[in-house]
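Below, read A as the first sequence line, B as the second, and so on, with proteins coming before strands; counting in each chain starts at 1. Computed from heavy atoms alone, side chains included, the values below leave out hydrogens, waters and symmetry copies.
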Amino acid sequence: MIDPRLLRDDPDRVRAAQAKRGLSADVVDTALAADRARRDAIAAFEARRAEQKAAGKDVAKAQGEEKQALLAKVKDLAAEVKRLESALAEAEQAWDDAIKAIPNVAADEAPAGGEDDFVVLEHVGKPRDFEAEGFAPRDHVELGRLLGAIDLERGAKVSGSRFYFLTGVGAQLELALVNMAMDQARAAGFTQVIAPSLVKPRAMDGTGFLGQAADDVYRIEGEDLYLVGTSEVPMAAYHSDEILDAASLPLRYAAFSPCFRKEAGSHGKDTKGIIRVHWFDKVEMFVYTTVEESYAEHERLLGWEKEFLDKLELAYRVIDVAAGDLGLSAQRKFDCEAWIPTQGRYRELTSTSNCTEFQSRRLDIRTRVDGQTAPVATLNGTLTAITRAIVAILETHQQADGSVRVPKALQPYLGGLEVLTPIGSIGG
RNA sequence: GGAGGCGUCGCCUAGUCCGGUCUAUGGCGCCCGCCUGCUAAGCGGGUUUGGGGCUACAACCCCAUCGAGGGUUCAAAUCCCUCCGCCUCCGCCA
């Protein structure tokens, strides 16, 4: 949720922010009206309530007939207070709905426009030239089958489309990636976390995933629980309703969790392989810090993402995501997109967002600044999303015979294995 | 899943049976001041959070806040209901 004071004091700035995302500014006027109505309702209720409290004290002191007379008078007052209180509750709800419908105000630096209006910030590494090497690259589906690493057929049999089993070196690769990510994070001072992947509505809503993104979220039937699409959700809610010691900031966590996504509205996209799946595992960085520090921290998160991709020896580019593609919570977002040889294009492997105060206002996460409480900033960044990392590794480092070279940094995590070699199919 | 106990403004705690004197007690911690070669002790004061009014975003006034939400009542920390969490025991289980 955005700062209500910004909405009141500078609504034009919020209107402009809506336009930058390609959204209507109607919500701004709705929210302003709701704010006025709410404050009027508060004033009306509190005035009567104060009267009632004062009258109640007289009742307590009075005796006999005098008391009976006072009682009759005060009963009417009580009824009115009750009426004003429920009117107030309605006005609060309307205000809450209105303010929460407004996405975070995008950073000035974020490009205007939608999904295709991103700006490329840099290219790192060069895509491999398979033509020059004299062989046609296999896609990760074929490589996964040759290596006995990815079993899509049985994934579909057991769980349906967009599911898979990682087997043999595939399973080893996941554990290696997770361990390498966790080691890097720990070395950088992060606290390692294994986070729950089922959360209550508060956590989901607080992180902004029950808005436009709600269609993509799995809900547990008969329970008030959701499956998270990222451990950003449990990690943001981790410190909800807390006032964090300013000296403890930044609080840096690296959380492992499975991630579940319905992928509603992506029918026909990435139907092959494990690029787009309903479930994958991920190591996510999550940081609580001050708003002032958040911009520099965002750059650091990007730095750690790049460090990880560099260790995997991948070619990638970094993009500055356009305002319209930021989602509800983010103020700015950088995606790292790795070159996928058989697709001939860059695909998102990691992503880091600065959500400034947007999530912390919803989740009541504050710190103390000069004796006053102030919302903290929350940031998140992918260290590694297993499935896409595997796709990029297999396709990028494959060799003509179907084997795959293991990046040097990853070798220690695979027991020193330097090459993944084809083994044929499992179980015939 | 069953039985019982508990949940008070950083921590501990009084209050709950019997509704109004609770503007929530006391201690610890912390902050400010006094005193003081220094420190400690002592003395005095302050110390939940959110919101509204008025404003300089101060001071001040007001409202809410005793796990959460309802209810009863003129009036609820206190009585009733539902839910949540923690603890103990039983059952089940990785």
May I ask which nucleotide in the shown strands pairs with [N], Watson-Crick or G-U wobble, both distances under 3.5 Å?
N: B:rC89; answer: B:rG2
N: B:rG29; answer: B:rU47
N: B:rA56; answer: none
N: B:rA41; answer: none

Aromatic ring pairing A:Trp279/A:Phe163, orientation class (parallel under 30°, perpendicular over 60°, tilted between):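 A:Trp279 and A:Phe163: parallel rings.
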Mutual orientation of the aromatic rings belonging to A:Phe334 and A:His298 [parallel < 30°, tilted 30-60°, perpendicular > 60°]: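 Ring orientation, 0 to 90° scale: parallel.
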What interatomic distance, in whole Å, is found between [atom1] of [M] and the corresponding atom of [N]?
N: B:rG10; M: B:rC89; atom1: P; value: 30 Å
N: B:rG5; M: B:rA59; atom1: C1'; value: 47 Å
N: B:rC28; M: B:rG46; atom1: P; value: 16 Å
N: B:rA3; M: B:rA94; atom1: C1'; value: 25 Å
N: B:rU8; M: B:rG67; atom1: P; value: 6 Å
N: B:rC61; M: B:rC66; atom1: P; value: 22 Å
N: B:rA68; M: B:rG50; atom1: P; value: 16 Å
N: B:rG52; M: B:rA58; atom1: P; value: 12 Å

Whether A:Lys408 side chain and A:Leu312 backbone form a donor-acceptor pair below 3.5 Å: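 Not a single qualifying donor-acceptor pair exists.
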Expressed in angstrom and rounded to an integer, what is the separation of [X] atom [atom1] from [N] atom [atom2]?
X: A:Glu46; N: B:rC54; atom1: CD; atom2: P; result: 12 Å
X: A:Leu363; N: B:rG50; atom1: CG; atom2: P; result: 16 Å
X: A:Asp224; N: B:rA68; atom1: CG; atom2: P; result: 19 Å
X: A:Arg5; N: B:rA56; atom1: CZ; atom2: P; result: 15 Å
X: A:Arg366; N: B:rG51; atom1: CZ; atom2: P; result: 8 Å
X: A:Asp241; N: B:rA68; atom1: CG; atom2: C1'; result: 11 Å
X: A:Leu77; N: B:rA75; atom1: CG; atom2: C1'; result: 12 Å
X: A:Glu85; N: B:rC74; atom1: CD; atom2: P; result: 15 Å

When all nucleic acid strands are considered with a 4.0 Å heavy-atom cut-off, which category describes [X]: base, sugar-phosphate, or nothing?
X: A:Ala43; value: nothing
X: A:Ile243; value: sugar-phosphate
X: A:Arg8; value: sugar-phosphate

A:Asp205 with A:Lys100: basic N within carboxylate O range, under 4.0 Å: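 Yes.
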Pair A:Lys269 + A:Glu263, salt bridge at N-O below 4.0 Å: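 Between A:Glu263 and A:Lys269 there is no salt bridge, as every charged N stays at least 4.0 Å from the carboxylate O atoms.
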Output the single nucleotide from [options] whose closest atom is nearest the side chain of [X].
X: A:Arg39; options: B:rG53, B:rC57, B:rU49; result: B:rG53
X: A:Lys82; options: B:rA75, B:rC62, B:rU72; result: B:rU72
X: A:Arg38; options: B:rG52, B:rC62, B:rA76; result: B:rG52
X: A:Ala78; options: B:rA75, B:rC63, B:rU49; result: B:rA75
X: A:Thr373; options: B:rA64, B:rC74, B:rG50; result: B:rG50
X: A:Lys75; options: B:rG52, B:rA64, B:rC74; result: B:rC74
X: A:Lys53; options: B:rU72, B:rA64, B:rC74; result: B:rA64
X: A:Gln52; options: B:rA64, B:rC62, B:rC74; result: B:rC74

A:Arg368 side-chain N/O to B:rU49 phosphate OP1/OP2 under 4.0 Å: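 For B:rU49, OP1/OP2 do have a side-chain N/O of A:Arg368 under 4.0 Å.
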Side chain to side chain donor-acceptor pair (under 3.5 Å) evaluation trace for A:Thr289 with A:Glu297: CA-CA 8 Å; A:Thr289 189; A:Glu297 184 70 10; 5.6 Å; no
Residue closer to the 5' end of RNA chain B, A:Glu92 versus A:Val74 (nearest nucleotide):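 Here A:Glu92 is the residue nearer the 5' end.
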RNA chain B: 5'-proximal contact among A:Arg36 and A:Gly56 (nearest heavy atom):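 The residue mapped nearer the 5' terminus is A:Gly56.
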From CA spacing to verdict: side chain to side chain contact (heavy atoms under 4.5 Å, CB included), A:Leu326, A:Ser353: CA-CA 8 Å; A:Leu326 286 174; A:Ser353 298; over 6 Å; no
Note, A:Ile220 side chain near A:Leu198 side chain (heavy atom, < 4.5 Å):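 Yes, their side chains come closer than 4.5 Å.
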